[in-house]
A.B. asks: 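Handing you a structure now.
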Amino acid sequence: MALIEKQKIFNFLNDLIQNNSKEWMDKNRHRYHEAKAIFIEEIDEIIRQVKLIDPEFIDITAKKSILRINRNLVFSKDKTPYKDNFGASIIREEAKSDFYIHISPHECFIAAGFYHPPNEMLKLIRQEIDYEQNQFLKIIRDNDFIEAYDQLMMEDALKTAPRGYSTDHPLIEYLRLKSYVVMHPITTKEFLADDFINKVIDLYKAATPLRKFLDTALVEYRE
């Protein structure tokens with residue numbers, strides 16, 4: 001897709017940030033739909049290429065993967081009515097790890113895994129890490145994984161060991177996590193570039209071993 005087309009996404013979102021109101025959106029809804037259509041076209045191509053490399057991928061349309069731009073004001077401290085980003089979750093299966101594309105003038109990134117899963121799911125993931133320590137370490141120490149994501153996001157963690165694990169467990173830093181997520185920042189220039197989709201596919205491949213490990217941990221949860 002041409003740079004000038006994708007730039008319309010940032011143009012719209014930048015103006016929305018400066019004029020975040022229903023009145024402004026009603027007057028500029030045609031711009032919203034134009035920007036959204038451009039984003040959908042990009043996600044459709046990502047989904048098409050993911051299907052070629054992942055035989056386990058469950059097909060989803062880009063329209064169904066796109067998250068609503070309306071903010072949930074009940075649970076949000078930010079009371080502006082609209083989000084300042086376009087986001088797409090291309091994995092929508094229950095208890096399956098996500099692959100997420102986030103585009104905003106403030107921050108663009110690709111993420112994969114589970115963000116704040118329920119306690120029952122956390123328990124099963126921690127159990128899998130404990131049982132399959134060597135496999136888990138092999139995944140997160142793989143060169144392709146490290147090059148793409150460096151490591152799991154470590155900020156969201158318990159201050160002590162979770163119930164049933166000792167503080168001297170060899171993988172306690174991972175067992176303490178409350179989210180199992182990897183993230184790769186994307187610059188505006190990278191999103192606008194012709195090879196953006198190729199980059200996303202490379203990141204999908206690099207995240208796949210970890211995602212499949214997490215999904216295997218939750219087989220019992222899905223049954």
Side-chain angles (χ1 to χ4, degrees), residues 1-18 28 30-69 82-93 96-115 139-140 142-153 179-212 214:
M1 183 183 296
L3 180 153
I4 193 169
E5 287 297 299
K6 290 197 284 186
Q7 182 62 51
K8 291 179 181 179
I9 295 175
F10 290 113
N11 294 343
F12 167 76
L13 290 174
N14 272 314
D15 288 346
L16 174 61
I17 290 168
Q18 299 300 318
N28 291 271
H30 64 288
R31 290 183 61 200
Y32 163 63
H33 287 301
E34 181 184 32
K36 182 180 178 182
I38 294 167
F39 187 61
I40 285 174
E41 185 178 344
E42 199 80 351
I43 300 302
D44 260 332
E45 181 59 22
I46 289 170
I47 289 172
R48 188 189 73 79
Q49 294 202 28
V50 165
K51 287 161 59 177
L52 297 176
I53 64 170
D54 186 353
E56 297 181 15
F57 180 74
I58 302 299
D59 196 7
I60 182 174
T61 64
K63 286 184 178 180
K64 289 186 177 181
S65 75
I66 302 296
L67 305 188
R68 295 176 72 248
I69 199 168
Y82 306 105
K83 302 171 188 174
D84 64 358
N85 64 79
F86 283 127
S89 294
I90 70 170
I91 309 293
R92 286 296 185 91
E93 299 170 78
K96 286 290 188 75
S97 54
D98 197 6
F99 188 80
Y100 174 71
I101 299 98
H102 181 100
I103 301 299
S104 165
H106 295 317
E107 182 183 36
C108 300
F109 62 85
I110 307 297
F114 288 104
Y115 181 72
I139 290 169
I140 64 172
D142 179 79
N143 289 335
D144 290 340
F145 176 86
I146 293 172
E147 183 178 352
Y149 298 106
D150 189 25
Q151 63 176 356
L152 285 158
M153 292 177 62
S179 293
Y180 288 88
V181 175
V182 290
M183 187 178 78
H184 183 99
I186 298 290
T187 65
T188 300
K189 183 178 179 180
E190 286 175 319
F191 174 67
L192 295 175
D194 291 338
D195 64 348
F196 170 69
I197 290 175
N198 293 336
K199 185 176 185 65
V200 174
I201 298 305
D202 287 342
L203 290 168
Y204 185 93
K205 291 177 181 177
T208 294
L210 176 65
R211 288 187 50 253
K212 291 188 182 302
L214 298 174

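Just so it is clear, the model here is predicted, and its values are computed rather than measured. Computation of the quantities below employed the complete heavy-atom set of this structure, encompassing side-chain atoms and omitting hydrogens, waters and symmetry-equivalent molecules.
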A.B. asks: So, using salt bridge (charged side-chain N to carboxylate O under 4.0 Å, His left out) as the criterion, who are the partners of Glu45 when residues are at least two apart?
C.D. replies: Arg48

A.B. asks: Check step by step if side chain to side chain contact (heavy atoms under 4.5 Å, CB included) holds for Ile186 and Lys199.
C.D. replies: CA-CA 10 Å; Ile186 298 290; Lys199 185 176 185 65; 3.7 Å; yes

A.B. asks: Kindly write out the residues that satisfy ring pair (Phe, Tyr, Trp, His ring centres under 6.0 Å) with Phe191, not counting sequence neighbours, or none if the list is empty.
C.D. replies: Phe10, Phe196

A.B. asks: Identify, with sequence neighbours excluded, every residue that meets salt bridge (charged side-chain N to carboxylate O under 4.0 Å, His left out) alongside Arg92.
C.D. replies: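 None.
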
A.B. asks: Once rounded to the nearest 0.5 Å, what's the spacing between atom CD of Glu41 and atom CD1 of Ile38?
C.D. replies: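 The CD atom of Glu41 sits 8.0 Å away from the CD1 atom of Ile38.
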
A.B. asks: Which residues satisfy the side-chain contact (heavy atoms from CB on, under 4.5 Å) test with Gln151, sequence neighbours excluded?
C.D. replies: Met154

A.B. asks: Between atom OG1 of Thr208 and atom CG of Leu203, what is the distance when rounded to the nearest 0.5 Å?
C.D. replies: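 The OG1 atom of Thr208 sits 10.5 Å away from the CG atom of Leu203.
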
A.B. asks: Just jot down the ring pair (Phe, Tyr, Trp, His ring centres under 6.0 Å) partners of Phe99, sequence neighbours excluded, or say none.
C.D. replies: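 Partners of Phe99 under the ring pair (Phe, Tyr, Trp, His ring centres under 6.0 Å) test: Tyr204.
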
A.B. asks: I'd like to know whether Ile201 forms a side chain to side chain contact (heavy atoms under 4.5 Å, CB included) with Leu52, so could you lay out the CA-CA distance, the side-chain angles of the two residues, the decisive distance to 0.1 Å, and finally the verdict.
C.D. replies: CA-CA 10 Å; Ile201 298 305; Leu52 297 176; over 6 Å; no

A.B. asks: Not counting sequence neighbours, which residues clear side-chain contact (heavy atoms from CB on, under 4.5 Å) with His106? List them please.
C.D. replies: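 Listed in chain order: Ile17, Asp84, Ser104.
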
A.B. asks: Quick test of your reading: applying salt bridge (Lys or Arg N to Asp or Glu O under 4.0 Å), list the pairs with at least one residue in residues 56-68, sequence neighbours left out, ordered by first then second residue.
C.D. replies: Lys51-Asp59, Glu56-Lys212

A.B. asks: Identify, with sequence neighbours excluded, every residue that meets side-chain contact (heavy atoms from CB on, under 4.5 Å) alongside Asp195.
C.D. replies: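 Applying side-chain contact (heavy atoms from CB on, under 4.5 Å) to Asp195 gives Ala193, Asn198.
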
A.B. asks: Rounded to the nearest 0.5 Å, how far does CD1 of Ile53 lie from CG of Asp202?
C.D. replies: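 Separation between the atoms: 8.5 Å.
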
A.B. asks: Apply ring pair (Phe, Tyr, Trp, His ring centres under 6.0 Å) to His102 and list each qualifying residue two or more places apart in sequence or on a separate chain.
C.D. replies: Tyr100, Phe109

A.B. asks: Can you name the ring pair (Phe, Tyr, Trp, His ring centres under 6.0 Å) partners of Phe86, sequence neighbours left out?
C.D. replies: Phe39

A.B. asks: Is there side-chain contact between Ser89 and Leu67, with heavy atoms separated by less than 4.5 Å?
C.D. replies: yes

A.B. asks: Can you give me the closest heavy-atom contact between Phe114 and Ser97, atom names plus distance?
C.D. replies: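 Minimum heavy-atom contact is CZ-N, 3.3 Å.
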
A.B. asks: Just grab all the salt bridge (Lys or Arg N to Asp or Glu O under 4.0 Å) pairs involving residues 8-18, residues at least two apart or on different chains.
C.D. replies: Glu5-Lys8, Lys8-Glu34, Asp15-Arg31

A.B. asks: What residues form a salt bridge (charged side-chain N to carboxylate O under 4.0 Å, His left out) with Glu147, not counting sequence neighbours?
C.D. replies: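 Salt bridge (charged side-chain N to carboxylate O under 4.0 Å, His left out) list for Glu147, sorted by chain: empty.
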
A.B. asks: Do the side chains of Glu42 and Ile103 get nearer than 4.5 Å, heavy atoms only?
C.D. replies: no

A.B. asks: With rounding to the nearest 0.5 angstrom, report the CD1 to CD1 distance, Ile66 to Ile90.
C.D. replies: 10.5 Å

A.B. asks: So which heavy atom on Lys83 is nearest to which on Leu16, and how close?
C.D. replies: O-CD2, 3.3 Å

A.B. asks: At what distance, to the nearest 0.5 angstrom, does CG of Leu210 lie from CG of Leu214?
C.D. replies: 4.5 Å

A.B. asks: Can you name the closest pair of heavy atoms from Thr61 and Ile47 and give their distance?
C.D. replies: C-CD1, 4.0 Å

A.B. asks: Drop me the distance from Ile69's CD1 to Leu13's CG, to the nearest 0.5 angstrom.
C.D. replies: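 Here the rounded value is 6.0 Å.
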
